[in-house]
Protein chains: 2
Amino acid sequence: MKNKEKHFNNRDVQDVIEIIGGRWRGAILASLCDKEKRFNELKRDLGSITPRTLIKELKYLEMNQLISRKVEDTKALSVIYSLTKHGKSLEPLIGTIVSWGQLHRKVILG
Amino acid sequence: MKNKEKHFNNRDVQDVIEIIGGRWRGAILASLCDKEKRFNELKRDLGSITPRTLIKELKYLEMNQLISRKVEDTKALSVIYSLTKHGKSLEPLIGTIVSWGQLHRKVILG
DNA sequence: AACACAACTATATTTTAGGATACTACTTTA
DNA sequence: TAAAGTAGTATCCTAAAATATAGTTGTGTT
């Protein structure tokens with residue numbers, strides 16, 4: 001193996017950042033790592049997100065096969081969002097993100 | 001330990017995404033994981049970034065103690081950007097990002 | 001002397017993300 | 001039967017991110 005190749009391809013990084021980036025996508029996924037949640041449950045957990053934004057991001061994540069949307073067969077409207085199997089493969093990455101964030105805070109503050 | 005707490009805090013994720021997120025920051029850091037680089041070298045490696053954007057992101061990353069800017073003591077102007085020690089602590093995270101990106105591509109493409 | 005390259009800076013413009021606010025259709029609860 | 005909750009939709013608007021394009025100061029190259 002010639003030593004010309006870099007370990008990391010910029011494009012790979014950009015692709016992933018597009019998927020989990022932005023103000024909400026990472027947080028939505030992290031919230032769903034905890035457990036599956038209903039629309040308003042997610043909304044409350046995320047705090048200040050508007051329904052317009054939340055639904056838009058949920059659709060994006062669904063399109064990318066990271067979460068699934070299931071309408072419960074009950075009289076009252078109830079929709080459950082959960083990580084797909086593929087979405088669950090993100091858990092270690094999110095874990096790494098969270099730990100680095102904690103390290104970073106220590107470095108910056110102290 | 002009561003089982004009320006979630007493993008991941010949404011806010012932690014959002015903080016890190018802010019630092020490595022956006023269209024270029026992650027790619028710049030990944031490029032510098034490879035080796036230290038000069039301004040135009042980075043610019044070429046990143047492809048379509050404009051100098052205005054590149055310098056803005058470099059300043060941001062420098063402010064956050066992830067990279068350092070060193071002016072070489074030569075007659076011709078030469079500036080070298082490299083990861084700081086703290087910046088290097090990002091390497092495992094970027095590695096995880098890249099591998100997940102490759103997995104994701106496989107899943108999406110079939 | 002003329003031109004190219006280095007590392008930027010300046011100005012103007014476009015694109016996009018996300019927020020504010022209000023509304024709908026349906027159901028459960030008080 | 002009125003209010004409150006569920007899961008969204010519809011419009012409008014703004015601030016931030018990024019691009020396009022051109023210019024600057026200095027050095028090295030032919």
Side-chain angles (χ1 to χ4, degrees), chain A residues 10-11 13-32 35-64 66-83, chain B residues 10-11 13-32 35-64 66-83:
Chain A
N10 304 337
R11 188 56 202 249
V13 179
Q14 286 176 309
D15 287 351
V16 177
I17 293 293
E18 212 217 290
I19 290 167
I20 63 167
R23 179 149 174 201
W24 297 111
R25 302 219 257 259
I28 291 170
L29 291 164
S31 176
L32 289 176
K35 58 179 174 61
E36 55 176 37
K37 293 198 173 97
R38 301 172 55 171
F39 184 84
N40 279 335
E41 214 172 341
L42 265 172
K43 188 159 140 32
R44 275 188 295 268
D45 188 41
L46 293 165
S48 59
I49 196 171
T50 62
R52 178 200 195 300
T53 300
L54 180 53
I55 198 79
K56 207 189 71 209
E57 301 301 10
L58 287 171
K59 276 175 184 162
Y60 176 90
L61 294 171
E62 203 190 344
M63 261 186 33
N64 281 272
L66 297 168
I67 66 172
S68 74
R69 175 182 183 277
K70 188 164 40 171
V71 181
E72 292 291 277
D73 188 16
T74 48
K75 272 147 233 170
L77 185 48
S78 171
V79 180
I80 298 198
Y81 291 94
S82 58
L83 294 183
Chain B
N10 303 337
R11 188 56 202 249
V13 179
Q14 287 176 310
D15 287 352
V16 177
I17 293 293
E18 212 217 291
I19 290 168
I20 64 167
R23 182 149 175 199
W24 297 111
R25 303 220 256 260
I28 292 170
L29 291 164
S31 177
L32 290 176
K35 58 179 174 61
E36 55 176 39
K37 293 201 172 94
R38 301 171 54 171
F39 184 84
N40 280 334
E41 214 171 342
L42 264 172
K43 187 158 139 34
R44 276 189 294 270
D45 188 41
L46 293 166
S48 60
I49 196 170
T50 62
R52 181 196 196 293
T53 300
L54 180 53
I55 198 79
K56 209 189 70 207
E57 301 301 9
L58 287 171
K59 276 175 184 161
Y60 175 89
L61 294 171
E62 203 190 345
M63 260 186 33
N64 280 271
L66 296 169
I67 67 173
S68 73
R69 176 183 183 275
K70 186 163 44 172
V71 181
E72 291 291 277
D73 189 15
T74 47
K75 272 147 231 165
L77 183 49
S78 171
V79 179
I80 297 198
Y81 293 93
S82 58
L83 293 183

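All heavy atoms count here, side chains included; hydrogens, waters and symmetry mates do not. A note on names: the letters A, B, ... follow the listed sequences, proteins ahead of strands, and every chain is numbered from 1.
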Quiz item: Contact class for A:Glu72 (heavy atom, under 4.0 Å): base, sugar-phosphate, or nothing?
Solution: nothing
Quiz item: Out of D:dA7, C:dA7, C:dT9, which nucleotide sits closest to the side chain of A:Phe39?
Solution: D:dA7
Exercise. Would you kindly give the NZ-to-C1' distance between A:Lys75 and C:dC26, to the nearest whole Å?
Key: 14 Å
Quiz item: 5'-most contact on DNA chain C: A:Gly22 or A:Pro51, nearest heavy atom basis?
Solution: A:Gly22
Practice problem: Could you check how far CG of B:Asp73 sits from P of D:dT27, rounded to whole Å? | Solution: 13 Å
Exercise. Kindly point out which of D:dT19, C:dG19, D:dG8 is positioned nearest to the side chain of B:Thr53?
Key: D:dT19
Quiz item: For the pair made of CZ in B:Arg38 and C1' in C:dC5, what is the distance, rounded to whole Å?
Solution: 10 Å
Self-check item: B:Lys37 side chain to B:Ser31 backbone, donor-acceptor under 3.5 Å
Solution: yes
Practice problem: Could you state the atom-to-atom distance from NZ of B:Lys70 to P of C:dA7 in whole Å? | Solution: 14 Å
Quiz item: From D:dA7, D:dT19, C:dG19, pick the nucleotide closest to the side chain of B:Thr50?
Solution: D:dT19
Quiz prompt | Nearest heavy atoms of A:Trp24 and A:Leu46, plus distance in Å | solution = CZ3-O, 3.6 Å
Quiz item: Would you say D:dT9 has OP1 or OP2 under 4.0 Å from some side-chain N or O of A:Lys59?
Solution: yes
Quiz item: Just checking A:Arg25: base, sugar-phosphate only, or nothing, at a heavy-atom cut-off of under 4.0 Å?
Solution: nothing
Quiz item: Where the side chain of A:Ala76 is concerned, which of D:dT19, C:dG18, C:dT27 is the nearest nucleotide?
Solution: C:dT27
Quiz item: Between atom CD1 in A:Ile80 and atom C1' in D:dT6, what is the gap in whole Å?
Solution: 13 Å
Exercise. Could you pull out the closest heavy-atom pair between A:Phe39 and A:Leu58, with the gap in Å?
Key: CD1-CD1, 3.9 Å
Quiz prompt | Any B:Arg44 side-chain N or O less than 4.0 Å from OP1/OP2 of C:dC5 | solution = no
Practice problem: Could you tell me whether A:Glu57 and A:Arg23 have a side-chain N and a carboxylate O separated by less than 4.0 Å? | Solution: no
Quiz item: Where the side chain of B:Ser78 is defined as all heavy atoms beyond and including C-beta, which of C:dT9, C:dG18, C:dA7 is the nearest nucleotide?
Solution: C:dA7
Quiz item: Of the candidate nucleotides C:dG18, C:dA6, D:dT6, which contains the atom at the shortest distance from the side chain of A:Glu57?
Solution: C:dG18
Quiz item: Starting at the 5' end of DNA chain C and moving along, which residue's nearest nucleotide shows up first, A:Leu77 or A:Ser48?
Solution: A:Ser48
Quiz item: What is the distance, rounded to the nearest whole Å, between atom CG of B:Leu46 and atom C1' of D:dT19?
Solution: 15 Å
Quiz item: Does C:dA17 have OP1 or OP2 sitting under 4.0 Å from an N or O in the side chain of A:Arg23?
Solution: no
Exercise. Quick one: label B:Tyr60 by what it contacts on the DNA or RNA (base, sugar-phosphate, nothing), any heavy atom closer than 4.0 Å.
Key: nothing
Quiz prompt | Non-hydrogen atoms of A:Ile67 and A:Leu32 that approach each other most closely | solution = CG2-CD1, 3.7 Å
Quiz item: Distance check: side-chain N/O of B:Tyr81 vs OP1/OP2 of C:dC8, anything under 4.0 Å?
Solution: yes
Exercise. Scan A:Arg52 against the nucleic acid and name what it touches under 4.0 Å (heavy atoms): base, sugar-phosphate only, or nothing.
Key: base
Quiz item: Taking CD1 from B:Ile55 and P from D:dA22, how many angstroms apart are they, rounded to a whole number?
Solution: 21 Å
Exercise. Can you tell me the distance, in whole Å, between the CH2 atom of A:Trp24 and the C1' atom of C:dG19?
Key: 10 Å
Self-check item: Short side-chain to backbone donor-acceptor contact, B:Arg25 and B:Glu18, under 3.5 Å
Solution: yes
